[in-house]
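Here the structure is a predicted model, which is why all the values come from computation and not from measurement. Atoms considered below: every heavy atom in the structure, side chains included; atoms not considered: hydrogens, waters and symmetry mates.
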Amino acid sequence: MKRERKNKEIGRYYPSEIGSCIRKVWYSYKYPIESDVDKLKIFEIGNILHRFIIEVFKNEKNNDAIDFINSELPFKMNQKDFVISGRLDDVVVVKEGNKKAIIEIKSVKDIRMTDKPNKTHVMQLQLYMHAIGIHNGIILYVDKTNLKTKSFEISYDEKHSLDILKRFKNLHELLNKDVLPIDEAKQSKETVWMCNMCEYRAKCDRNEK
Ligand code: SF4
């Protein structure tokens with residue numbers, strides 16, 4: 001798992017990180033930290049679950065309802081002076097009748113607590129729909145403990161997608177100018193939970209560059 005970690009380079013950004021706190025992402029470029037093995041193991045549970053869900057989509061018994069088209073899509077968006085690229089591991093493209101849809105799979109600890117799509121997941125999906133050109137999106141939540149699922153349809157919103165691209169541009173400028181971004185996750189009740197899992201909490205509390 002450790003071998004899979006890549007060093008980050010300013011000017012190359014990942015679609016999966018744009019929903020995170022912008023200050024945390026900024027720190028991750030300036031002060032890369034080796035991920036904690038226990039955290040990597042938790043991520044791996046999510047990966048195992050994603051692979052299982054993809055197998056379910058691929059299974060020929062489901063062909064009447066849905067056609068599996070692709071997963072692990074390569075992603076690349078060239079912007080003026082930076083690039084957004086990566087492989088979309090948590091995304092499946094399917095066809096239902098004549099309609100193609102992008103399904104973003106997310107694992108959760110307790111699905112009973114999920115009554116609406118997470119804002120950061122919606123951001124990711126908007127970016128994927130914008131880049132891939134398929135404008136039907138679904139976020140599928142899967143409970144890690146019992147495989148129960150909940151799904152939410154997300155409509156493509158061009159303005160929202162362009163705002164997300166502006167976030168990348170802003171991140172790129174702040175990194176190049178060496179300016180610390182605002183402590184974004186702390187600004188809202190909806191996102192403050194991110195700080196409990198943040199490796200940069202101590203630095204952030206001191207507003208340290
Ligand atoms: S502690 Fe919270 S606000 Fe600060 S960088 Fe981490 S996630 Fe962002």
Side-chain angles (χ1 to χ4, degrees), residues 1-47 49-50 77 79 81-86 88-90 104-128 139 141 143-145 160-209:
M1 279 189 269
K2 279 197 168 186
R3 245 185 282 127
E4 283 176 9
R5 183 181 163 274
K6 292 178 193 139
N7 286 329
K8 289 177 162 185
E9 165 197 333
I10 295 175
R12 176 171 291 274
Y13 305 106
Y14 299 93
S16 57
E17 64 191 7
I18 202 53
S20 294
C21 166
I22 193 150
R23 181 179 281 192
K24 182 180 173 180
V25 180
W26 188 93
Y27 277 139
S28 73
Y29 281 80
K30 294 280 183 182
Y31 305 99
I33 293 178
E34 191 72 37
S35 294
D36 176 71
V37 173
D38 287 338
K39 230 178 225 178
L40 289 173
K41 286 178 181 169
I42 292 169
F43 285 138
E44 193 53 26
I45 295 175
N47 294 339
L49 206 53
H50 292 178
M77 284 184 92
Q79 301 294 291
D81 49 359
F82 62 89
V83 63
I84 308 162
S85 72
L88 307 186
D89 291 326
D90 56 354
E104 185 183 356
I105 305 162
K106 296 288 181 195
S107 45
V108 291
K109 265 198 252 171
D110 184 349
I111 206 141
R112 290 171 301 180
M113 311 298 284
T114 305
D115 52 12
K116 60 179 184 191
N118 178 304
K119 214 168 124 188
T120 64
H121 301 157
V122 174
M123 263 197 212
Q124 277 183 39
L125 187 55
Q126 286 292 350
L127 181 71
Y128 301 158
I139 302 180
Y141 289 103
D143 192 309
K144 287 179 198 174
T145 60
H160 193 185
S161 312
L162 296 176
D163 286 345
I164 295 161
L165 287 174
K166 275 191 210 148
R167 269 176 80 79
F168 280 109
K169 189 168 178 282
N170 186 29
L171 171 68
H172 184 60
E173 282 172 8
L174 294 171
L175 280 165
N176 277 323
K177 290 182 188 157
D178 202 24
V179 175
L180 185 67
I182 58 155
D183 44 1
E184 189 180 34
K186 288 182 191 164
Q187 306 297 317
S188 150
K189 276 187 200 155
E190 226 183 306
T191 51
V192 74
W193 60 268
M194 290 181 182
C195 303
N196 298 332
M197 302 159 67
C198 177
E199 300 88 340
Y200 299 100
R201 178 78 191 248
K203 252 185 197 311
C204 176
D205 287 346
R206 296 191 297 265
N207 281 321
E208 195 180 304
K209 265 216 303 204

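- With rounding to the nearest 0.5 Å, the separation of OG in Ser16 from OH in Tyr128 is 6.0 Å.
- For the pair Val108/Met113, no side-chain contact is recorded, criterion being any heavy-atom separation below 4.5 Å from C-beta on.
- Listed by chain and number, the residues in a salt bridge (charged side-chain N to carboxylate O under 4.0 Å, His left out) with Lys24 are Glu199 (sequence neighbours excluded).
- Among residues two or more places apart in sequence or in another chain, the side chain to side chain contact (heavy atoms under 4.5 Å, CB included) test is passed with Arg112 by Asp110.
- Between Phe82 and Leu171, every side-chain heavy-atom pair lies at or beyond the 4.5 Å cut-off.
- Proximity of Leu165 to Gln126: side-chain heavy atoms (C-beta onward) are nowhere separated by under 4.5 Å.
- When side chains are defined from C-beta on, Gln124 counts as touching Glu104, because their heavy atoms get closer than 4.5 Å.
- Tested against Tyr29 for a ring-ring contact (aromatic ring centres under 6.0 Å, His included), the candidates Tyr200, Tyr13, Tyr14 yield a single pass: Tyr13.
- The minimum heavy-atom distance between Ile139 and Pro117, with the atom names listed, is CD1-CB, 4.0 Å.
- Annotation: salt bridge (charged side-chain N to carboxylate O under 4.0 Å, His left out) contacts of Lys177 (sequence neighbours excluded): none.
- Heavy-atom minimum distance, Ala185 versus Cys21: N-SG, 3.5 Å.
- The pair Asp205-Arg201 meets the salt-bridge criterion, with a side-chain N (NZ, NE, NH1 or NH2) lying under 4.0 Å from an Asp/Glu carboxylate O.
- Rounding to the nearest 0.5 angstrom, the gap separating the CG atom in Leu125 from the OG1 atom in Thr120 is 11.5 Å.
- Rounding to the nearest 0.5 Å gives a distance of 10.5 Å between OG of Ser107 and CD1 of Ile42.
- Considering CG of Leu40 and CG of Asn47, their distance stands at 10.0 Å, rounded to 0.5 Å.
- Here the side chains of Asn118 and Lys106 are not in contact, with every heavy-atom distance at 4.5 Å or above.
- Asp178 is linked by a salt bridge (charged side-chain N to carboxylate O under 4.0 Å, His left out) to Lys30, Lys209, counting only residues two or more places apart in sequence or in another chain.
- Annotation: salt bridge (charged side-chain N to carboxylate O under 4.0 Å, His left out) contacts of Lys144 (sequence neighbours excluded): none.
- For Phe43, the CZ atom sits in a loose shell: 12 or fewer heavy atoms of surrounding residues, nucleotides or ligands are nearer than 6.0 Å.
- Within the 4.5 Å cutoff, no side-chain heavy atoms of Met77 are placed close to those of Phe168.
- A pairwise comparison of heavy atoms in Cys204 and Lys186 identifies SG-NZ, 3.3 Å as the closest pair.
- Contact annotation: the side chain of Leu88 approaches that of Pro15 to within less than 4.5 Å [non-hydrogen atoms, C-beta and beyond].
- Looking only at distances, a side-chain donor or acceptor of Arg23 sits under 3.5 Å from a matching main-chain atom of Pro181.
- A donor-acceptor pair under 3.5 Å is absent between the side-chain atoms of Trp26 and the main chain of Ile182, judged by distance alone.
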(message) Does Glu190 form a side chain to side chain contact (heavy atoms under 4.5 Å, CB included) with Lys119? I'd like the steps, not just the answer.
(response) CA-CA 9 Å; Glu190 226 183 306; Lys119 214 168 124 188; 3.9 Å; yes
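- Remark: the Asn176 side chain and the Glu173 side chain contain no N/O donor-acceptor pair separated by less than 3.5 Å.
- The shortest non-hydrogen separation linking Ile164 to Met123 is CD1-O, 3.2 Å.
- In terms of the side chain to side chain donor-acceptor pair (under 3.5 Å) criterion, residue partners of Thr145 (sequence neighbours excluded) are, by chain and number, Asp143.
- Separation of atoms CG (Asp183) and CE (Met194) is listed at 13.0 Å; rounding is to 0.5 Å.
- With values rounded to the nearest 0.5 angstrom, Lys203 atom NZ is found 6.5 Å from Tyr27 atom OH.
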